[in-house]
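Everything on this sheet refers to the single structure shown next.
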Amino acid sequence: MLPLSGRRCGQDRSRSLRCPLMTTPPYQQYPQGVSDKSKVVAGILGILLGFFGAGRFYMGDTKTGVLQLVVSVVTCGAGALWGTIDGILILVNGGVDGQGRPLRD
């Protein structure tokens, strides 16, 4: 049913549609340039599970995560100190995810 004016969705008097184009970008949950990963979660994972490189795996830096795991296994667990220190530094200074974006707070 047509409204009282007889026009719908941008119709002018000649009944041709004049709908504006959508120019807004799609919804983004996080501001552009900021990671969706949390530095608090990455830091805590690094401190608690540094032996496994869990903080780096969470951040998307699989190369460093695998390296932390290998060093920890080869040194019979002493390499876990690297993951612990890495987790503390992430909490204090922040860091970047696997795509180079800064971690969110």
Side-chain angles (χ1 to χ4, degrees):
M1 193 172 233
L2 295 174
L4 293 176
S5 66
R7 289 187 259 171
R8 291 183 290 172
C9 181
Q11 279 185 343
D12 59 7
R13 296 216 185 269
S14 67
R15 298 231 182 244
S16 64
L17 289 178
R18 292 188 184 203
C19 295
L21 295 176
M22 293 183 60
T23 58
T24 57
Y27 176 75
Q28 293 179 353
Q29 186 174 2
Y30 300 103
Q32 190 174 13
V34 177
S35 177
D36 58 339
K37 306 294 184 184
S38 170
K39 76 175 184 178
V40 173
V41 173
I44 297 297
L45 284 172
I47 292 170
L48 297 177
L49 300 171
F51 180 90
F52 301 106
R56 289 295 177 160
F57 282 119
Y58 169 75
M59 292 168 43
D61 188 5
T62 55
K63 188 168 135 181
T64 306
V66 169
L67 196 58
Q68 284 180 344
L69 179 61
V70 169
V71 167
S72 296
V73 169
V74 169
T75 61
C76 298
L81 186 62
W82 176 17
T84 304
I85 293 171
D86 191 35
I88 293 169
L89 288 175
I90 290 171
L91 283 174
V92 173
N93 298 330
V96 294
D97 66 0
Q99 288 81 32
R101 300 174 299 180
L103 297 173
R104 65 179 169 88
D105 291 331

Please name the pair of heavy atoms, one in Ala80 and one in Ser72, separated by the smallest distance, quoted to 0.1 Å. N-OG, 3.3 Å
Is there a side-chain contact between Met59 and Ile90 (heavy atoms, below 4.5 Å)? yes
Holding to salt bridge (Lys or Arg N to Asp or Glu O under 4.0 Å), I want the full list of residues that pass it with Lys39, two or more places apart in sequence or in another chain. Asp105
First locate atom CG of Leu69, then atom OG1 of Thr62, and finally report the distance between them rounded to the nearest 0.5 Å. 12.0 Å
Do the side chains of Phe51 and Val66 join up, straight or via other hydrophobic residues, at under 4.5 Å, putting them in one cluster? no
For the pair Tyr58 (side chain) and Ser38 (backbone), establish whether a donor and an acceptor sit closer than 3.5 Å, ignoring hydrogens and angles. yes
For Leu81, which fellow cluster members are found when Ile, Leu, Val, Met, Phe, Trp and Tyr are connected by side-chain heavy-atom distances below 4.5 angstrom, either directly or through intermediates? Ile85, Leu89
If two hydrophobic side chains count as joined below 4.5 Å and joins carry through other members, does Leu48 share a cluster with Phe57? no
Output all residues satisfying side-chain hydrogen bond (donor to acceptor under 3.5 Å, both in side chains) with Thr64, sequence neighbours left out; order by chain, then residue number. Asp61
Among residues two or more places apart or on two chains, list those pairs meeting salt bridge (Lys or Arg N to Asp or Glu O under 4.0 Å) that have a residue in residues 81-93. Arg56-Asp86
Distance-only donor-acceptor pairs under 3.5 Å for side chains of residues 91-103, two or more places apart:
from: Asp97; atom 1: OD1; to: Gln99; atom 2: N; distance (Å): 3.1
from: Asp97; atom 1: OD1; to: Gly100; atom 2: N; distance (Å): 3.1
from: Asp97; atom 1: OD1; to: Arg101; atom 2: N; distance (Å): 2.9
from: Asp97; atom 1: OD2; to: Ser35; atom 2: OG; distance (Å): 2.9
from: Asp97; atom 1: OD2; to: Arg101; atom 2: NE; distance (Å): 3.1
from: Asp97; atom 1: OD2; to: Arg101; atom 2: NH2; distance (Å): 2.9
from: Gln99; atom 1: OE1; to: Arg101; atom 2: NH2; distance (Å): 3.3

Tell me who clusters with Val71, hydrophobic residues only, linked when side chains sit under 4.5 Å apart either directly or through other members. Leu67, Trp82
